[in-house]
Each structure stands twice: as C-alpha cells, then as structure tokens.
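Below is one structure, written out as structure tokens, with a few remarks after it.
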Amino acid sequence: MEINNNNKPNNLAERAIFSRRESKFLSELNIMQREAVETVDGPLLVLAGAGTGKTRALTARIAYLIENKYAKPNQILGVTFTNKAAQEMKLRIAKYLGETVEGMPWLGTFHSIGAKILRRHAELVKLKPNFTILDTDDQLRLLKQLISFEKIDEKRWPARSLAGLIDHWKNNAWIPDKLPPTEVNKFDGKGQKIYKLYQERLRILNSVDFGDLILFPILLMQSNNELLEKYHNIFRYILVDEYQDTNVSQYLLLRLFAEGHKNICCVGDDDQSIYGWRGAEVKNILSFEKDFANSKIVRLEQNYRSTPHILGAASSLISANSSRLGKKLWTNISEGEKVRLINHWDGNDEARWIGEEIESLGFGTRGMKPFLYNQIALLVRASFQMRTFEERFIQLGLPYRVIGGPRFYERKEIRDAIAYFRASISFDDGLAFERILNTPKRGFGDKSMQILNELAREQNIGLMSAAKFAIDNGKLPSKLTIELDNLLKNFKRWNSDFFDKSKKHTEVAEMVLDESGYTEMWQSEKTPDSAGRLENLKELIKALDEFENMQGFLEHISLIMEMETDKDIPKISIMTLHAAKGLEFPVVFLPGWEDGLFPSQRSMDQKGKIGLEEERRLAHVGITRAEKYCVISFASNRRIFNQWQNTIPSRFINELSEENIEILESQNAFQSYSDGWNRTNEKDQILNHNNYNSPGWKRMSSKIQKKNFSLNKEFAPFIASIPENFNKGSRVFHQKFGYGIIEEINSDNVKVIFEKSDSKDIKASFLIHEDDV
DNA sequence: CCAAGGCCGGTTTTT
DNA sequence: CCGGCCTTGG
C-alpha cells in the first residue's frame, strides 16, 4: 500500500528518529489515518465518520508534527469545541510523545483561544486586559436594563430573545454598523440601536460576552495587518476538530490565520452536524474544497466502535438525509447484538423498564457479560425527559449522574461568591457588583438600585463608580450612604489583598466571604439546603486552590462551567444527545423516539426539512455512541405540560433497516385505543393512571411480576456459588461501593474491605472480580 | 423595604 | 411541575 511520503524528512539522522517514533504511534493507525497524519502541508479535510478514530488521527498528527520538527508545540494552533476534548487531546499527545511534552499554549476551545488573543491586545478594542467574560446571567441582566431604558415592553420583547439575536449577529461576524438591512429593525425596530448600546455598555463594564471572544479577534486581525502577520508566524500549523460545528465567525477567524502557511487541517463529519441552531454552518464543511485552494480530502470510514448491527441501523437512518458528502462506514468487528426496539405504554413505564433492564445488565443478561454502570448511558432529546428517569433510578438505588445538568458554577451561592471576587478584582465589573450589592441584605431595594443605574448611565460609568458618585453627591439616604461607603472601602481592601503577592488568594477569598457577611447569611438561614450551600462554598475554595491567583481562576470558570465531581463509583450517565457527541458507551438507551419530541416539533416548524435533517443527524449521533448494545424506545402516551398526550412513533423508527433491529416484547397497551382510554376525559386518565387502576397497567404489572420471578430464578445458580477466582485478597468490584479486597469467604457470603467505604459482608453474586470488570 | 403567596407562562439543544 | 414576576400585607 502506498502512503504519501512526500513530507518525510530526508537527512539520515531525522529519518532515524522518524523510524523510531513511527513504531510508537504511526503503527497503530490504518492507511487512511496515516494519510491524514502524514499529509502535512496544505489544506486538508479529514472526513471522519463516527467511531473512526478521529481523535486518534488528530492527536497523532500533532505528535507527528512535533516529533518531526515541522513545528514546535507552541507553533500549533489546535481548536476544539469543548474543554473536555482539548483536555483529552493534550493527554493523548503527551502519551504519544512521552511524559516530557510541555503544554501547548494554543490548544484549546475557540473561546479560550479567542480570549487569550484578546487579552494580549485588549487596548486595541478599548478594553483593559483584565476584562471579564460575562455569562448568560449577567448578559441578561444587562440587556434587561437596556430594554427598560429604551422603554420597550419586556413582555413582548424578552431579554432572552434579544440575547439570542445578538448571539446570532455575532456568530455571523456582524458588528452593529454592518448589520444587514434585514436585521436592523428586528426587536421592535430597535435592534441595531440596542446592539450598539449594549456593546458600548460592555466596554464601560470592561466586559465581553461569548460572541466577542471570536468577533473581536476577527476585527483585530482584519484591521491590523502587522498583528495578523505576527500570528501567521506563530501558527505554522492549524488543526480544527469538529469542523462541521463552526459558525461563520469561527470560519472567518480560521481563514485569516490560515492565510499564512496555508497548513490547515480540519476534521469533521457532516453527518454529525447538530449545532445548526446556534449558528453552525454545515456549509463550511461542504465547501471546504472551494474555500481552501489545492486542498485534499481524506476519508476515515473504518469504524472501531460499534457492532455491525449498530452501524447498519445508524447508516440506514442517516441515508435518508439528502445533503451529505457521503461516507460508507464499515467495521470488521464480528457480529453482535441487534439494536433493540421497544414500545411502552407511557413515559413512566419506559423509565421503569429501562431501570430494570439496567439492573439486569449489571448482572449480565441477554447473553452478554455484566456491564458496569459507567458503561451505560441514557441519551435524551430534551432535558425535561431526564426527570422521570432520575426519579426511577433513585427509587431503585441506581447510581447515576446527569451530564450538563445543574452545574456547579451556576448555583446561586457560587455565583454570588464569584460576583464578590469579580468585583474585588475589577471595579469596572458593575454586573457583579449589582448582583451582590444587596446580598446579604443591606437595605438596597429597587429604588436605590434604580438611582445608581441611572447615574451610571448618565455619566457613562460603571456601577461602582456610580456608587462612589452617589456617596460624594448625596444621592442616597444617609443610611444607605454609610452602608455603601463601607462596602466600597471593603472592596478596595479586598482588591489590594488579592493583588498582594504575600497573601494567599484562597485565604483572601474566604476572608471576603466572611467579612462581607455572605457566609453568615447562609449560616443564619435555616432552610434545609443552606448547609449544602456552605459546603459548596467550601468546594469552591478548594477548586480555587488549584489556581495561581484569583484572575486565573476567574478566567477558568468563565470559560468552563463544569467541575469534576466524585467519580469513585461507576454511575449511569444521563445526558442530552447533544452532550453525548464525541463520547462512546458500551450500552446506550435512546428513549422518547416519538414524533414531535424526537424529531422535535419545534425544529421542524422553525427550519422545515433542514431542521428535520439535523434531527436525523442527532439520531445518528445517538445510535453511533453505542458499542455493543443499543435500545431505542418510544411510548404511546406522554405527559407534556402536565397533559397526557397520545403520541405516535418517531418517523426515524421506520427508517431503520429491519435486518439490524430486534423488536422486544413490550407490555404496551395499544389495545387501549379500544378499551375506553382514548376518549375519557383528561382528569379521569390522570386519576386512573395515578391510581394504577387502568386495564393496561394491571396487565402490565402482572407481566412485570412474572418477569421479576423468572429473573430471580435465572440468578439462582449464580448466587449459590462463589466464582473460582474469588480468593482471600482478591480485588473485587461492587456496583455501589466500588473496589475492595476480599477479607473472608464464608459459604456464599464474602467479607470485603472497600477502598472508599468500610468493610461489608456481601453476597458474592453482587461482586465482580477485577479481572472480569 | 421585604417576605410570602398567587398567578401566569413556558419548557431543545449551549461554547 | 417549576420558576419568574407581580401583588399584597407587614
């Protein structure tokens, strides 16, 4: 087989190095992956289907570039969409190159790289280098102010939709003065005006929003040739992950950078483009060849992840889409399970069934070895679907975690604390100041807040400066003036403490929370969750400890909203299909395949066929997450807006190729259409259902009982004996308690000392030998 | 100024 | 069923 060798170094010494390294990571690659790695110069598009080793190729490419001295680590621009992806890539590169790789400063998300560039040249766009990055909450607060200043009815023109609009404009790299005519008059005819005001206000607050992190670097590079050349010199090689998700702005920025060495390598999969709604342009990947002259395309089509049945089902589904570049995924993984399809009576039954199925999978069922809970994922279309499952799993005692759920940094107490830190670090950060001005209660209500905000606007200054002004000019009642003066003095002190190198930032942070009365506020509150909030604050300080200083930490959290939580116990992952992209699991459940829910009615209404195709890609992403076992389910009834609705199966179900599907026997009650359920009034339905009196439920519950019985029988022989490889000292695994060492064995009971818990007497059947895990 | 209670409206996906 | 927003009463 011929491989593109054009770019291999030629002198002997380098070739010697090359051949040595080659064995290290190139040998793990297939022909096409190698081509993606070794086609070093010029624009390259790698079309990589799901599970085809995209990340492997990408990281090998970076390692290859460094190893063969095409570029130093700091001359490679590597862009990903999530911090997780960036993190993983760094780890893998380090593994390829040995432990000695120094960090790659330009490997990160679009937004973090944008922020880095912008901090270096903030003055050029009239910002200070320590600008704050607003989160959605702050942004909304600011927009609300503007909307009310403009006397716009917020009921009809909500801040949220304005935020969406501005986001949309920034995704397209439209600055206020260059809005297309069609956009100018959106939002009650005042779109452009408010956009301008908003940017003006951001500048005064020394803040940027997410969109600015891409937009400003573009403006910088477009308006300053010298600067652009400087970056051309730095970025000798550019790599982009998930290219199908880039929006116009991101594309423009990449293009500006790529004009230098023209070494841009984009990796993506048009079939996994699922972010059209937030500005991603599939067009970018579809027109790569046109956009970058003399480009080359490499296709990765060998799938290493899924069984042929899973792959077959996914391929048949996605083939219903018309706008595709087209790929044929194949695998040489041998036959596995077919994709299962099951219908349920309603959402609760679906959750009940999946709960049971997961329990069975934990022991080994359907001829498969037992799975650990962290090998199992539940992927839903919309987050409201999660709750039913959570409730069910709690009842069953199944450990789970919600990915992308309520996030640590979004909790009230954490955001409050951070607002204190932000206002301490930057006196321009009026939004942070506004947030905590009356938290804890200091007697500032709507009235005084309004006075301050008006002052800020009149004088074109930030809220803290406005506060100072109000004190000096007696704009507030004396009581508030004293209070405010006190607070400002505190902030001054905290500020110098944070910048005092002899003081530890974590201690200053604790001091800020204590002296401001914030900790006390929670201590004196007796609601059940106030203790938890104090715990969270401690966690926050702990997280803070991992950073050099407060600025570093604030930068981190504005870009990363996630935090590592305990992962000692394997947990079922519950997440949206969107959040699942890039991940893989041995077992995947895909519930809720009903028309209107999935595909989502809203997507179809808004964007018609385009929307439907994106939904289909989402389904394709879902199925292709699965390695060994994939279950698709749909319910005949679902409660939406607290109303029971008859639902029809998702049109995607009929697009699955039959030979890859096995239909599981369900306890469904389609018959119910004729047994009086259909046209009874809503109340009766709910009543019936809650009381579990319906014929459908009775029928079902008897089946469940039978099923439980037979399950236990199946387990009987399993329970009776102790596996051969269980000995004193063996390391074993338990789904709930994690790993432990066997201390004693008596008949079928085993005493285990768990690493993360005490010792326990446990039936051997609940344990798995570590070798079998 | 604040806390509590009632009412309405909205629920896709997020760096 | 939840949260945001408004009204009401202290």
Side-chain angles (χ1 to χ4, degrees), chain A residues 79-86 108-115 133-137 139-141 144 154-156 158-161 163-164 167-168 170-171 208-214 241-242 245-247 249-250 273-280 379-388 391 403-407 409-410 412 438-450 477 479-480 483 525 527 557-562 575-582 592 596-607 611 614-615 617-619 621-622 638-643 686:
Chain A
V79 203
T80 64
F81 271 81
T82 64
N83 293 291
K84 215 155 114 200
T109 62
F110 268 105
H111 293 90
S112 66
I113 286 166
I133 301 165
L134 297 191
D135 58 30
T136 3
D137 225 58
Q139 195 194 11
L140 284 180
R141 190 139 10 96
K144 271 180 196 162
E154 222 214 293
K155 280 268 161 58
R156 285 179 47 213
R160 288 191 72 87
S161 68
D167 192 50
H168 170 67
K170 289 186 176 175
N171 286 340
V208 298
D209 64 16
F210 266 108
D212 290 337
L213 294 177
I214 314 294
D241 194 12
E242 310 279 14
D245 289 335
T246 50
N247 60 37
S249 280
Q250 290 159 339
S273 162
I274 54 176
Y275 284 107
W277 51 273
R278 68 171 200 215
L379 311 182
V380 297
R381 175 66 243 265
S383 46
F384 74 80
Q385 293 172 263
M386 294 179 181
R387 211 170 64 217
T388 325
E391 279 165 9
I403 294 176
R407 301 180 203 183
Y409 291 117
E410 276 169 5
K412 187 175 168 359
N438 202 33
T439 314
K441 302 275 180 282
R442 297 190 178 91
F444 292 88
D446 290 346
K447 193 69 207 294
S448 42
M449 195 63 88
Q450 199 189 340
K479 211 176 160 188
L480 292 185
E483 194 73 51
E525 200 189 282
T527 51
I557 51 157
S558 49
L559 292 170
I560 307 173
M561 294 296 280
E562 282 159 51
M575 67 187 103
T576 63
L577 287 159
H578 285 87
K581 197 173 65 156
L597 178 57
F598 191 34
S600 136
Q601 194 57 48
R602 206 153 145 175
S603 301
M604 293 186 292
D605 291 348
Q606 272 168 9
K607 299 192 109 182
E614 181 155 314
E615 295 286 309
R617 289 194 291 269
L618 202 47
V621 166
R638 194 168 287 277
R639 194 171 55 184
I640 297 177
F641 313 142
N642 208 17
Q643 276 202 341
I686 293 167

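Chain letters run A, B, ... following the sequence lines, proteins first and then strands; every chain starts at 1.
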Could you please name the option among [options] that lies closest to any side-chain atom of [X]?
X         : options                  : value
Thr576(A) : dC2(B), dT14(B), dT15(B) : dT14(B)
Ala579(A) : dC5(C), dT14(B), dC1(C)  : dT14(B)
Ser448(A) : dT15(B), dC1(B), dC1(C)  : dC1(B)
Lys441(A) : dA3(B), dC1(B), dT15(B)  : dA3(B)
Lys144(A) : dC2(B), dC1(C), dC5(C)   : dC5(C)

Rounded distance in Å - [atom1] ([X]) to [atom2] ([N]):
X         : N       : atom1 : atom2 : result
Asp135(A) : dT14(B) : CG    : P     : 16 Å
Asn83(A)  : dT15(B) : CG    : C1'   : 8 Å
Ile113(A) : dT15(B) : CD1   : P     : 16 Å
Asp137(A) : dG3(C)  : CG    : C1'   : 13 Å
Gln601(A) : dG10(B) : CD    : P     : 18 Å
Leu480(A) : dC2(B)  : CG    : C1'   : 14 Å
Leu597(A) : dT11(B) : CG    : C1'   : 12 Å
Lys447(A) : dC2(B)  : NZ    : C1'   : 17 Å

Looking at every strand, decide which applies to [X] at a 4.0 Å heavy-atom threshold: base, sugar-phosphate, or nothing.
X         : answer
Thr80(A)  : nothing
Lys412(A) : nothing
Asn247(A) : nothing
Phe110(A) : nothing
Ser112(A) : nothing

message: Should Tyr275(A) be counted as stacked on dT14(B), where stacking needs a ring-centre gap under 5.5 Å and an angle between planes under 30 degrees?
response: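 Aromatic stack with dT14(B) absent for Tyr275(A).
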Within 45 degrees of the ring normal and closer than 6.0 Å to the centroid, is that where the cationic atom of Arg442(A) sits relative to Phe444(A)? no
Are [X] and [Y] close enough that some pair of their side-chain heavy atoms sits under 4.5 Å apart?
X         : Y         : answer
Phe598(A) : Gln385(A) : no
Ile274(A) : Leu577(A) : no
His578(A) : Val621(A) : no
Asp209(A) : Lys170(A) : yes
Glu614(A) : Trp277(A) : yes

Check the angle between the aromatic planes of His111(A) and Phe210(A) and answer parallel, tilted or perpendicular using the 30° and 60° thresholds. perpendicular
Quiz prompt | dT15(B) phosphate, OP1 or OP2, under 4.0 Å from Lys170(A) side-chain N/O | solution =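 No, because none of the side-chain N or O atoms of Lys170(A) sits under 4.0 Å from OP1 or OP2 of dT15(B).
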Does dT14(B) have OP1 or OP2 under 4.0 Å away from a side-chain N or O of Thr82(A)? no
Open item on the list: Judged by each residue's nearest nucleotide on DNA chain B, which is more toward the 5′ side, Asn438(A) or Ile274(A)?
Closed with: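 Looking at DNA chain B, the more 5' nearest nucleotide goes with Asn438(A).
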Only one of Asp245(A), Thr246(A), Asn247(A) passes side-chain contact (heavy atoms from CB on, under 4.5 Å) with Tyr275(A), and that residue is Asp245(A)
Note, DNA chain B 5' to 3' with Watson-Crick or G-U pairs under 3.5 Å encoded as ( ), [ ], | and . gives |||||||||......
